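Remarks on the structure that follows.
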Amino acid sequence: MFRSLHMKLVLILILLIVSVMAVMGTFLVNSVGSYYLDDFQTQIESVMTGNGNETLLSLEQAAQQADAPIRIMNILDAFTAQLGIDKYHRNSCVLDENGTFLTGSNEALAGELVRTPNIVTAMHGEVGQAGTTIDGYMDYAIPLHLEADGTPRYIVYIMDDKREIRDLAWSFFGIVLKAMTFGLLVAVLLSFLLSKTITTPIENIRTRAQMVAAGDFSHRLEIQSNDEIGELTATFNHMADRLHDTLEEVAGERDKLNTIFLHMTDGVAAFSADGRLIHMNPATEDLLGVPFREDAHFNDLFEGMDIPTLKTAGDQGVVQMEMVRVGRNLSVLFAPYGTTDAERGIVAVIHDITEQRKLDDARREFIANVSHELRTPLTNIKSYTETLIDAAGELPPETEVKFLSVIAGETDRMTRIVKDLLTLSKLDCGKMDLHFRRFSMQNMLESVYNAMALEAGNNGHELRLETRGKLPEMNGDRERLEQVVINILSNAVKYTPTGGHITLTGIRRDDSHVVIRVKDDGMGIPKADIPRLFERFYRVDKARSRAKGGSGLGLAIAKEMVEAHRGTIYLDSKLDEGTTVTITLPTTLPADDEGML
């Protein structure tokens with residue numbers, strides 16, 4: 001019940017009012033007691049010491065008479081009013097030197113008289129007037145007719161039983177009690193009102209805080225005052241707004257990270273210190289071939305491997321290794337994280353390096369092929385040159401011409417290889433200068449046919465040119481496209497036996513595309529080799545290709561050129577039945593100018 005701030009404030013205010021009223025009551029009662037005590041002593045002293053101590057002298061003279069007690073009482077009776085003696089609560093009497101009752105205003109006092117400290121003081125010859133508010137009486141003792149040893153013969157004793165003070169104190173107590181009761185009622189009412197003014201905004205803040213904790217930021221607290229509570233409310237509203245903005249930013253960043261994490265091509269998996277799988281993205285499942293499971297462990301993903309630790313990570317903080325999974329070469333980077341056992345774990349980043357390895361292998365194969373292609377003509381040139389040098393002037397002229405012809409042919413062969421390599425290099429770097437101009441496809445095919453007809457005839461082949469529909473004009477680099485078609489026709493001539501048939505066909509497929517097809521009935525290509533025909537330096541029969549002067553770059557260059565014109569090239573072949581190469585080109589590419597070739 002008293003755990004709430006509201007009830008605590010009410011209780012504090014009630015206790016405060018009770019404490020104040022109790023202190024005030026105690027102060028009033030003590031003040032009344034002190035007032036009466038001071039008034040009692042002042043009243044007696046004014047009688048005894050007034051008019052030049054005449055009353056005290058009269059008492060001294062009476063104390064020397066034979067009937068001293070009677071005379072002393074007569075004098076005291078004469079000052080009954082001044083001394084406030086009423087025989088009920090204040091009495092006077094005469095005592096002997098031992099404090100024994102001799103006579104007094106109330107004979108009943110003889111049986112009730114006790115030797116008080118003031119009486120004892122008077123018995124020693126001094127006036128006894130000490131008193132406190134906590135005593136149950138007030139008294140005053142005056143020694144008379146002192147003997148030589150300082151002891152009095154008689155003692156005038158006046159005592160008040162404080163009955164009037166007690167009655168007045170009870171009256172005050174009743175008044176204080178009534179005031180306290182009324183004050184408590186007022187305090188309870190005011191405390192409820194005051195505590196409500198304090199606790200209501202706090203309760204609103206608490207309710208709002210619970211709503212904020214639940215994710216509801218739609219409500220704002222109303223500022224009802226300009227005091228500290230109002231400032232607290234305004235600060236809470238500001239804090240809620242900032243928290244809302246921060247949570248939205250965090251949610252946005254989290255969504256970004258989740259999107260990146262889910263769609264990144266690299267695999268990412270997180271493990272706890274004991275190897276329990278915490279999270280993994282879809283790329284990890286694809287790369288490792290292991291589906292996500294809640295109970296998955298490190299060894300389920302990386303079988304036979306120990307979990308790397310901060311110690312094994314060393315100064316670099318990571319452990320990197322390569323592995324092969326599902327036919328892929330994978331590079332795995334392990335990065336331990338966390339400094340405490342509760343936070344410690346490891347993150348694995350998996351990168352597919354299969355293509356990189358293929359590129360490395362292709363690069364090494366390319367270098368080896370280039371070296372081999374250049375080494376053969378260089379070896380021939382060196383051999384024939386050394387022969388000419390060693391046998392200078394001894395060889396017949398026709399032999400020297402033959403040797404020089406071989407050297408010139410091998411030089412041309414190297415020139416073609418280097419030229420082809422430069423062309424591929426420019427295409428790879430995007431530095432090939434292609435001049436797109438409008439030209440007639442019909443004229444280009446006729447030019448290619450006329451250029452290759454003699455070579456085909458020399459090799460015993462029949463070369464035909466066919467067109468289907470009126471071939472359109474197109475934008476492109478005519479020289480480069482002519483080179484592509486000539487390379488393909490050259491291959492057809494080279495690899496078709498004598499007496500073969502080669503057909504160059506131009507087809508208008510639609511208003512925006514044209515098809516160029518080269519078909520022969522030569523030796524054909526094995527099905528297993530077809531997918532690799534457009535690779536650089538790839539040849540089906542290397543020995544036969546070299547014998548016919550092929551370098552394995554013609555189709556690679558053709559593919560790059562066609563794709564530079566946003567076209568496609570396709571090869572279909574059957575062993576011993578022939579080969580068909582189909583090129584599809586768009587005719588609506590933007591031109592550098594509107595000139596006509």
Side-chain angles (χ1 to χ4, degrees), residues 415-456 463-493 502-520 530-531 533-536 551-573 579-597:
T415 301
R416 287 194 302 271
I417 293 174
V418 172
K419 182 179 179 181
D420 289 342
L421 289 174
L422 289 175
T423 300
L424 287 172
S425 176
K426 290 180 179 180
L427 288 170
D428 289 339
C429 298
K431 296 181 178 180
M432 175 62 71
D433 293 329
L434 299 178
H435 302 287
F436 283 68
R437 295 182 177 86
R438 198 155 189 80
F439 66 91
S440 170
M441 178 60 68
Q442 180 72 38
N443 292 341
M444 187 198 79
L445 293 181
E446 290 177 355
S447 176
V448 171
Y449 171 79
N450 293 330
M452 293 299 299
L454 181 60
E455 182 179 350
L463 177 62
R464 298 195 305 270
L465 173 63
E466 296 179 357
T467 57
R468 299 178 187 177
K470 184 179 179 180
L471 297 181
E473 297 177 351
M474 67 172 291
N475 295 327
D477 192 319
R478 174 174 173 166
E479 181 181 351
R480 301 296 182 184
L481 290 178
E482 282 185 355
Q483 180 184 352
V484 169
V485 179
I486 289 174
N487 283 344
I488 295 173
L489 285 173
S490 297
N491 286 339
V493 171
I502 303 171
T503 304
L504 173 62
T505 306
I507 305 171
R508 178 172 185 157
R509 197 182 74 176
D510 52 43
D511 291 340
S512 58
H513 290 86
V514 66
V515 176
I516 302 172
R517 182 174 294 139
V518 177
K519 183 178 181 181
D520 65 62
I530 292 177
L533 285 176
F534 293 100
E535 295 181 9
R536 300 172 185 183
S551 63
L553 297 175
L555 288 179
I557 294 175
K559 183 175 183 296
E560 296 285 349
M561 287 292 185
V562 170
E563 290 180 351
H565 283 76
R566 301 182 187 177
T568 59
I569 183 169
Y570 174 75
L571 187 146
D572 183 27
S573 181
T579 301
T580 300
V581 179
T582 303
I583 300 173
T584 303
L585 295 170
T587 60
T588 57
L589 294 176
D592 295 338
D593 53 48
E594 296 299 326
M596 182 69 177
L597 296 179

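It should be emphasised that the depicted structure is a prediction, and the values quoted were computed from it without experimental measurement. Worth knowing before you read on, the calculation uses all heavy atoms, side chains too, and leaves out hydrogens, waters and symmetry mates. Numbers here are sequence positions counted from 1.
Surrounding CG of D510 are more than 12 heavy atoms belonging to other residues, nucleotides or ligands, all under 6.0 Å away. Other residues, nucleotides and ligands place more than 12 heavy atoms under 6.0 Å from the CD atom of E563.
Between R517 and R468 there is a side-chain heavy-atom pair separated by less than 4.5 Å. Residues Q442 and E446 form a side-chain contact, since some pair of their non-hydrogen atoms from C-beta on lies under 4.5 Å apart. Taking 4.5 Å as the limit, every side-chain heavy atom of N443 sits out of range of all side-chain heavy atoms of S447. Side-chain atoms of M474 and F439, non-hydrogen and from C-beta on, do get closer than 4.5 Å to each other. Looking at heavy atoms from C-beta onward, R437 lies out of side-chain contact with R478 at the 4.5 angstrom threshold. Annotation: side chain of L555 is in contact with side chain of L571 (closest heavy-atom distance under 4.5 Å). Residues N487 and M561 fail the side-chain proximity criterion, which asks for heavy atoms closer than 4.5 Å. I516 is not listed as a side-chain neighbour of I488, based on a closest heavy-atom distance of 4.5 Å or more.
Pairing each heavy atom of V518 with each of A492, the nearest pair is CG1-CB, 4.4 Å. Contact detail for T588 and S512: the closest heavy-atom pair is CG2-CB, 4.1 Å. The shortest non-hydrogen separation linking L445 to L504 is O-CD2, 3.9 Å. When all heavy atoms of V484 and A558 are compared, the closest pair comes out as CG1-CB, 3.8 Å. Of all the heavy atoms in Y449 and L465, the pair that sits closest is CD1-CB, 3.8 Å. D477 and H565 get closest at one heavy-atom pair: N-NE2, 2.9 Å.
Side chain of D520 to main chain of I502: no donor-acceptor pair is present (N/O by atom type, distance under 3.5 Å, no hydrogens or angles). Judged by distance alone, the side chain of R464 and the main-chain N or O of T503 form no donor-acceptor pair under 3.5 Å. At least one donor-acceptor pair closer than 3.5 Å links the side chain of N475 to the backbone N or O of L589.
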**OP:** Check the pair M441, T587 against side-chain contact (heavy atoms from CB on, under 4.5 Å), reporting the backbone distance first and the verdict last.
**Re:** CA-CA 10 Å; M441 178 60 68; T587 60; over 6 Å; no

Subject >> Full working for side-chain contact (heavy atoms from CB on, under 4.5 Å) between M444 and V485 >> reply: CA-CA 10 Å; M444 187 198 79; V485 179; 4.3 Å; yes

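With I569 as the partner, the side-chain contact (heavy atoms from CB on, under 4.5 Å) test is satisfied by one option alone out of I583, L585, T584: I583.
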